[in-house]
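Contents: one structure, followed by commentary.
Whatever order the structure lists them in is the order used to number ligands and atoms, beginning at 1.
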Amino acid sequence: MSRRALVRRPSPRLADGLLTHIDRVPVDLDLAQRQWEAYVAALQAEGWETIEVPPAPDCPDSVFVEDTVVMYADLAVITRPGADERRAEVTGTEQVLRDLGYRIAHIEAPGTLDGGDVLKHDGTVWVGLGGRTNQAGVDQLAAHLAPLGARVVGVPLTKALHLKSAVTALPDGTVVGWADVVDDPTVWTSFLAVPEEPGSHVVLLDEATVLMSSAAPRTRALYEDRGLRVVAVDVTEFEKLEGCVTCLSVRLRD
Ligand SMILES: CN(C)C(=N)NCCC[C@H](N)C(=O)O
């Protein structure tokens with residue numbers, strides 16, 4: 001199986017990115033650029049080929065490329081972001097995926113859907129509803145993915161920006177989350193509350209390895225005790241903009 005991931009370098013306007021649940025604090029652009037390069041290098045060191053979506057310098061949040069598409073098998077569902085300010089970001093992602101040979105579908109108005117609201121594991125696709133994603137967006141995603149055998153489940157989300165701001169899944173399907181912002185943990189048969197907010201976001205690099213923020217050392221230890229290998233990266237400048245490790249890439253598996 002080839003392992004490729006989309007990434008998009010930070011805009012010079014990164015510091016103007018949208019904020020919903022946290023207060024604005026100064027962002028160090030040079031540090032953000034170095035952290036992004038280290039994030040890309042970490043993916044590459046783990047055997048992932050990275051493909052850059054052309055930069056979108058006028059879009060402050062464009063580094064958060066995860067929000068522009070939902071990948072499922074050979075299908076790329078291009079999103080319609082819930083924030084007007086982010087709508088222009090999808091064009092570059094669509095072009096790259098088209099050139100790579102993926103089938104393309106779109107979320108259309110009145111639907112809205114952000115990739116950060118979509119958590120996939122083993123044929124089930126949970127979609128956070130209540131922030132950037134609406135019911136029409138969930139319904140359209142379900143229609144696009146049904147022929148591929150996916151089961152799409154809308155889940156309430158009122159306390160965090162995106163579903164993956166609140167929960168992600170470990171390789172064994174355990175859903176890990178920061179309990180304060182999880183509306184209903186009973187959605188998942190196996191839910192594990194983690195001791196630090198940045199620890200609730202993992203990117204699966206392979207069946208035994210996760211990428212996570214270095215700002216959650218106790219959660220890292222918890223994952224290592226479960227037998228996982230952890231790759232940790234500094235993403236402080238993106239965390240200041242309500243981003244996390246998942247938002248900075250889109251994994252393509254085929
Ligand atoms: C899982 N997460 C959090 C994401 N996929 N995206 C983060 C986007 C942050 C951006 N400032 C915004 O407000 O859109």
Side-chain angles (χ1 to χ4, degrees), residues 5-27 29 32 35-36 39 53 56-71 77-90 92-93 107 112-121 125-134 137 141 155 157-169 175-178 180-183 194 196-204 210-213 215-216 233 235-251:
L6 301 185
V7 292
R8 196 175 214 175
R9 62 183 56 245
S11 154
R13 293 188 52 207
L14 175 69
D16 298 330
L18 297 174
L19 287 175
T20 308
H21 294 272
I22 60 175
D23 293 330
R24 195 169 294 279
V25 293
V27 171
L29 267 187
Q35 290 182 342
W36 181 80
Y39 177 93
V53 175
D58 293 336
C59 299
D61 282 310
S62 49
V63 70
F64 303 118
V65 65
E66 169 177 70
D67 294 322
T68 59
V69 65
V70 177
M71 298 301 302
V77 181
I78 304 300
T79 65
R80 182 166 181 269
D84 289 350
E85 298 90 329
R86 300 200 57 190
R87 296 261 161 88
E89 293 176 31
V90 300
T93 305
I107 301 297
T112 62
L113 184 129
D114 280 18
D117 275 322
V118 179
L119 176 66
K120 298 173 282 189
H121 184 80
V125 179
W126 294 277
V127 188
L129 250 174
R132 298 276 174 86
T133 296
N134 65 17
L141 184 69
V155 300
L157 180 84
T158 60
K159 303 178 207 167
L161 175 62
H162 286 132
L163 182 62
K164 280 189 275 188
S165 309
V167 298
T168 55
V175 170
V176 292
W178 177 239
D180 289 7
V181 295
V182 179
D183 284 79
V194 297
E196 298 143 316
E197 189 278 333
S200 63
H201 322 293
V202 296
V203 175
L204 305 191
V210 296
L211 176 73
M212 66 179 288
S213 165
V233 287
V235 284
T236 55
E237 301 318 289
F238 304 108
E239 288 165 348
K240 290 174 180 175
L241 292 157
E242 265 178 290
C244 63
V245 284
T246 72
C247 328
L248 298 173
S249 60
V250 176
R251 284 154 303 144

Check each N or O atom of ligand 1 against all protein N or O atoms and list the pairs under 3.5 Å, with atom names and distances to 0.1 Å, one per line.
{"from": "ligand 1", "atom 1": "2 (N)", "to": "H162", "atom 2": "ND1", "distance (Å)": "3.2"}
{"from": "ligand 1", "atom 1": "5 (N)", "to": "E66", "atom 2": "OE1", "distance (Å)": "2.7"}
{"from": "ligand 1", "atom 1": "5 (N)", "to": "D67", "atom 2": "OD1", "distance (Å)": "2.8"}
{"from": "ligand 1", "atom 1": "5 (N)", "to": "D67", "atom 2": "OD2", "distance (Å)": "3.4"}
{"from": "ligand 1", "atom 1": "6 (N)", "to": "D67", "atom 2": "OD2", "distance (Å)": "2.9"}
{"from": "ligand 1", "atom 1": "6 (N)", "to": "H162", "atom 2": "ND1", "distance (Å)": "3.2"}
{"from": "ligand 1", "atom 1": "11 (N)", "to": "L18", "atom 2": "O", "distance (Å)": "2.8"}
{"from": "ligand 1", "atom 1": "11 (N)", "to": "D61", "atom 2": "OD1", "distance (Å)": "2.8"}
{"from": "ligand 1", "atom 1": "11 (N)", "to": "L241", "atom 2": "O", "distance (Å)": "2.8"}
{"from": "ligand 1", "atom 1": "13 (O)", "to": "L18", "atom 2": "O", "distance (Å)": "3.4"}
{"from": "ligand 1", "atom 1": "13 (O)", "to": "R132", "atom 2": "NH2", "distance (Å)": "2.9"}
{"from": "ligand 1", "atom 1": "14 (O)", "to": "R86", "atom 2": "NH1", "distance (Å)": "2.8"}
{"from": "ligand 1", "atom 1": "14 (O)", "to": "R132", "atom 2": "NH1", "distance (Å)": "2.8"}

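- Residues H201 and V245 approach most closely at O-CG2, 3.5 Å, considering heavy atoms.
- Side chain to side chain, T246 and E66 meet the donor-acceptor criterion of an N or O pair below 3.5 Å.
- Counting only N and O atoms by type, the side chains of Q35 and T236 include a donor and acceptor under 3.5 Å apart.
- D67 pairs in a salt bridge (charged side-chain N to carboxylate O under 4.0 Å, His left out) with only one of the listed residues (R86, R8, R132), which is R86.
- A donor-acceptor pair is defined here as one N or O able to donate and one able to accept, closer than 3.5 Å; such a pair exists between the side chain of T168 and the backbone of S200.
- Scored by the side chain to side chain contact (heavy atoms under 4.5 Å, CB included) test, L129 finds Q135, V138 as partners (sequence neighbours excluded).
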